[in-house]
Number of protein chains: 2
Amino acid sequence: MSTIHEVAKAAGVSISTVSYALSGKRPVSEKTRLRIEHAVTALGYQPEAGARMLAGRRTNIFALTEPLRADTHAPTHMAFVLAAAVAARQRGYDILLLTDEQASEGMNRVAASKLVDAILVLDVAPDDERVAIARSMRTPTIFIGVPDDHSDLTCVDLDFGAVGHLAVDRLADAGYSRIVLLGQTEVSYRKSNFPRRLLHGVQARAAERGVDVAWVTTGEIATDIAVVRSAVETALDNGERAFIVHAVGDVHEVLLATLHERGLRVGVDVSVISAAASFDTTALPVKIDTIPLVPQRSCEYAVDLAVRHVEGERFLPEVHLLDPEYLAAGSIAPGRG
Amino acid sequence: MSTIHEVAKAAGVSISTVSYALSGKRPVSEKTRLRIEHAVTALGYQPEAGARMLAGRRTNIFALTEPLRADTHAPTHMAFVLAAAVAARQRGYDILLLTDEQASEGMNRVAASKLVDAILVLDVAPDDERVAIARSMRTPTIFIGVPDDHSDLTCVDLDFGAVGHLAVDRLADAGYSRIVLLGQTEVSYRKSNFPRRLLHGVQARAAERGVDVAWVTTGEIATDIAVVRSAVETALDNGERAFIVHAVGDVHEVLLATLHERGLRVGVDVSVISAAASFDTTALPVKIDTIPLVPQRSCEYAVDLAVRHVEGERFLPEVHLLDPEYLAAGSIAPGRG
DNA sequence: TTGAAAGCGGTACCAG
DNA sequence: CTGGTACCGCTTTCAA
């Protein structure tokens, strides 16, 4: 609507004073600052984005690339997108969406045209094509997730390995020597970066503690409820009584329903831990111990890194793994070996 | 990286010629155009977004507001966001995400700062707060969905009423005088704009054709599978044999499973039509007639309107309802009254 | 068919 | 503590 010139005129000062009053980059006397603020609200002044980008050094926009593979769990993905957007806004940044249409092309385009100050990378694949672009670019890029080859990359993610450790320790401490890992879809262990990290964490710690792990996946592409149910029944028939669940809500429900049908009480006859669930496990029919995956946490951390980068702070590329948190809910029963 | 000046120098022309050669807004001789193109690729020239916004009149960015209510079906919503982003990119526009954090605040901000050329509104509520903002704004705004009070608004959406008509007609034509509408969650009939439009379409046409409609909802907030199953069984017990399903994939599966258990064959003993499904119904265990809701269609139409607006075309606010398409798959059995 | 130059609306340096 | 002003890089008249 109105320009900085009009504000300056209305306040009876120069445009530079207006600019400084608004940015706070130079002390302005209380009196003139108030006059300027009045003028600003009176005129409904809003600095023009384009002019700012050109003159200033920043656009106050972050790009968010999201490939959206067929096997992506939409609700979880949405939670990350939202969390990133909210975190960015809180720090004064908008989010520009980069869909798959060649993630590479998009990243290069927004970087080269200086449309964004930084790029956030979501839904990271083990051999993600965006890794190469990120390396070849000056624009700060933060991965939310950890690709296989992450040298020279800044990554943020929940420490899925530690999640596995934590879960195994609890069950081993309770006295179990055999546990079941009820995992994700088969394809996700190949196409995604985190399921395997949790799996390896579980396996490694289990080996250390002398615990046997039975690893079960939940269908080929989509979660197959029938597969889950029969897997659970087989496990129970085999005498398994300790479960680590790394899966979507439906899988939790099937497990709990099956246990219920068999008269097995969670926290008494069997133990269940939900690992890295991004949904609200307290809404399940039975309360279970949970090591949650909180999108807000990862996204806020990532956005903070991006902001610090943009503001000129220099730091080396690094993988930032966030410590998992264990929320007990009484779902661990004493193990009998 | 490099500026238009460098390109001009490299090509031995003035910057205005470069600008025109790139925009095509003025004839440029074949020879110089080629020289310029060479320089552009050689230097990897990419015009700077900020400078363009300031000098030109456009930003080539659309805002997309998405409230993301608790009852929103994430996969469907994602499909719309993606479709909008892809459609926009194809026409040279990027998408800036506006999450709920006061949709109003965001819309005003991006409009006032001239950050975007137009705004796309998703997930429209019957009494959407964004309606008022849209009216008070000069920035072109396109609703994907139809709020109750849509005067002076440009809206695009599938004609859910016509979907209802189409579905009822098919069943009435087949000889049914009683049908079941297996609908959405209860809350969605209050918080969303489209379920009720389909419902009313069904009821209106059913009244005209002398058909009885039993309307069933699928749970309070989230789709409750147990509720669905018992509703289906009750309906079958009552002798219902014709179903219009307006629901998520899970509900279709429960219906089909229940029919299967009872030995009722779709297309032979019972009729099923999937109405306004945004997922791939051909992946269901049984093929069923479908009147699909295609996010791409609505989004492309909306983006086209936005582009035309931005390019200066003037047209009156109007609700654009897209004709539904009936995809037969042999799931209609002859009705016996 | 092409070039020169006046902005677009800010930011931030240089003076005072 | 405040003002003047040189850009930022591109678009688009106005002239040639």
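Proteins get letters first, then strands, A, B, ... in listed order; numbering begins at 1 in each.
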Enquirer: With a 3.5 Å cut-off and heavy atoms only, can you find an N or O donor on one side and an acceptor on the other between the side chain of T17(A) and the base of dG3(D)?
Expert: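 When only heavy-atom distances are counted, T17(A) does not reach the base of dG3(D) through any donor-acceptor pair under 3.5 Å.
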Enquirer: Using a 3.5 Å cut-off and no angle test, enumerate the donor-acceptor pairs between side-chain atoms of residues 149-156 of chain B and protein atoms at least two apart in sequence or in another chain.
Expert:
unit_1	atom_1	unit_2	atom_2	d
D149(B)	OD1	R135(B)	NH2	3.1
D149(B)	OD1	S151(B)	N	3.3
D149(B)	OD1	S151(B)	OG	2.9
D149(B)	OD2	R135(B)	NH2	3.3
H150(B)	ND1	P147(B)	O	3.0
H150(B)	ND1	D148(B)	O	3.3
S151(B)	OG	R135(B)	NH2	3.4

Enquirer: Please list, by residue number, the residues of residues 21-32 of chain B whose heavy atoms come closer than 4.0 Å to an atom of DNA chain D; answer none if no residue qualifies.
Expert: K25(B), R26(B)
Enquirer: Taking only Lys NZ, Arg NE, NH1 and NH2, and the carboxylate oxygens of Asp or Glu, determine whether D157(B) and R197(B) approach each other closer than 4.0 Å.
Expert: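 The answer is yes: the pair qualifies as a salt bridge.
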Enquirer: Provide the start and end nucleotides, 5' to 3', of the part of DNA chain C that has atoms under 4.0 Å from heavy atoms of chain B.
Expert: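 Under 4.0 Å from chain B, the extent on DNA chain C is dT1(C) to dG9(C).
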Enquirer: Can you tell me if S192(A) and R69(A) form a side-chain donor-acceptor pair at under 3.5 Å?
Expert: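 Yes, because at least one side-chain N or O of S192(A) sits under 3.5 Å from a partner of the opposite role on R69(A).
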Enquirer: Suppose we screen for side-chain contact (heavy atoms from CB on, under 4.5 Å). Which residues come up paired with E37(A), at least two apart in sequence or across chains?
Expert: R33(A), L34(A)
Enquirer: Kindly indicate whether the side chain of N193(B), heavy atoms from C-beta on, has any atom under 4.5 Å from the side chain of D128(B).
Expert: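 No, every pair of side-chain atoms sits at 4.5 Å or beyond.
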Enquirer: Starting at CZ of R33(A) and ending at C1' of dC1(D), how long is that distance when rounded to a whole Å?
Expert: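 Result: 14 Å.
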Enquirer: Take the C1' atoms of the five end pairs on each side of the helix from dT1(C)-dA16(D) to dG16(C)-dC1(D), get both axes, and report the angle to 10 degrees.
Expert: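 Answer for the end axes of this duplex: 40°.
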Enquirer: What pairs with H73(A) under ring-ring contact (aromatic ring centres under 6.0 Å, His included), at least two apart in sequence or on another chain?
Expert: none
Enquirer: Taking only residues two or more places apart in sequence or in another chain, which ones pass ring-ring contact (aromatic ring centres under 6.0 Å, His included) with F143(A)?
Expert: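 Once residues adjacent in sequence are excluded, F143(A) has no partner under the ring-ring contact (aromatic ring centres under 6.0 Å, His included) criterion.
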Enquirer: Is there side-chain contact between L158(B) and L321(B), with heavy atoms separated by less than 4.5 Å?
Expert: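 A side-chain contact is absent here, since even the closest heavy-atom pair is not under 4.5 Å.
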Enquirer: Quick one: side-chain contact (heavy atoms from CB on, under 4.5 Å) partners of L43(B), sequence neighbours excluded?
Expert: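 Listed in chain order: S2(B), E6(B), V7(B), A10(B).
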Enquirer: Can you list, by residue number, the residues of residues 42-53 of chain A that have a non-hydrogen atom closer than 4.0 angstrom to DNA chain D?
Expert: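 The answer is none.
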Enquirer: Name the residue closer to the 5' end of DNA chain D, choosing between L54(B) and V13(A) according to the nucleotide with the nearest heavy atom.
Expert: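 Comparing both residues, the 5'-ward one is V13(A).
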Enquirer: For residues 85-94 of chain B, which residue pairs pass the side chain to side chain donor-acceptor pair (under 3.5 Å) check, not counting sequence neighbours?
Expert: R109(A)-D94(B), R91(B)-D304(B)
Enquirer: Calculate the interatomic distance between K9(A) atom NZ and dG4(D) atom P; express it in whole Å.
Expert: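 After rounding, the gap between these two atoms is 15 Å.
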Enquirer: Quick one: label T3(A) by what it contacts on the DNA or RNA (base, sugar-phosphate, nothing), any heavy atom closer than 4.0 Å.
Expert: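 If one applies the 4.0 Å heavy-atom cut-off, T3(A) turns out to touch the sugar-phosphate alone, with no base involved.
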Enquirer: Applying side-chain contact (heavy atoms from CB on, under 4.5 Å) to I142(B) and H309(B), what does each step give before you reach the verdict?
Expert: CA-CA 10 Å; I142(B) 317 284; H309(B) 244 127; 4.2 Å; yes
Enquirer: Whole angstroms only, please: what is the CD-C1' distance between E6(B) and dC10(D)?
Expert: 14 Å
Enquirer: Taking CD1 from I15(B) and C1' from dG9(D), how many angstroms apart are they, rounded to a whole number?
Expert: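 Atom CD1 in I15(B) sits about 8 Å away from atom C1' in dG9(D).
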Enquirer: Just to verify, what does I4(A) make a side-chain contact (heavy atoms from CB on, under 4.5 Å) with, not counting sequence neighbours?
Expert: I15(A), V18(A), S19(A), Y45(A)
Enquirer: Among all residues two or more places apart in sequence or in another chain, which pass the side-chain contact (heavy atoms from CB on, under 4.5 Å) test with L54(A)?
Expert: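 side-chain contact (heavy atoms from CB on, under 4.5 Å) list for L54(A), sorted by chain: E48(B), A51(B), L54(B).
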Enquirer: Indicate, with a heavy-atom threshold strictly under 4.0 Å, whether S19(B) touches base, sugar-phosphate, or nothing.
Expert: base
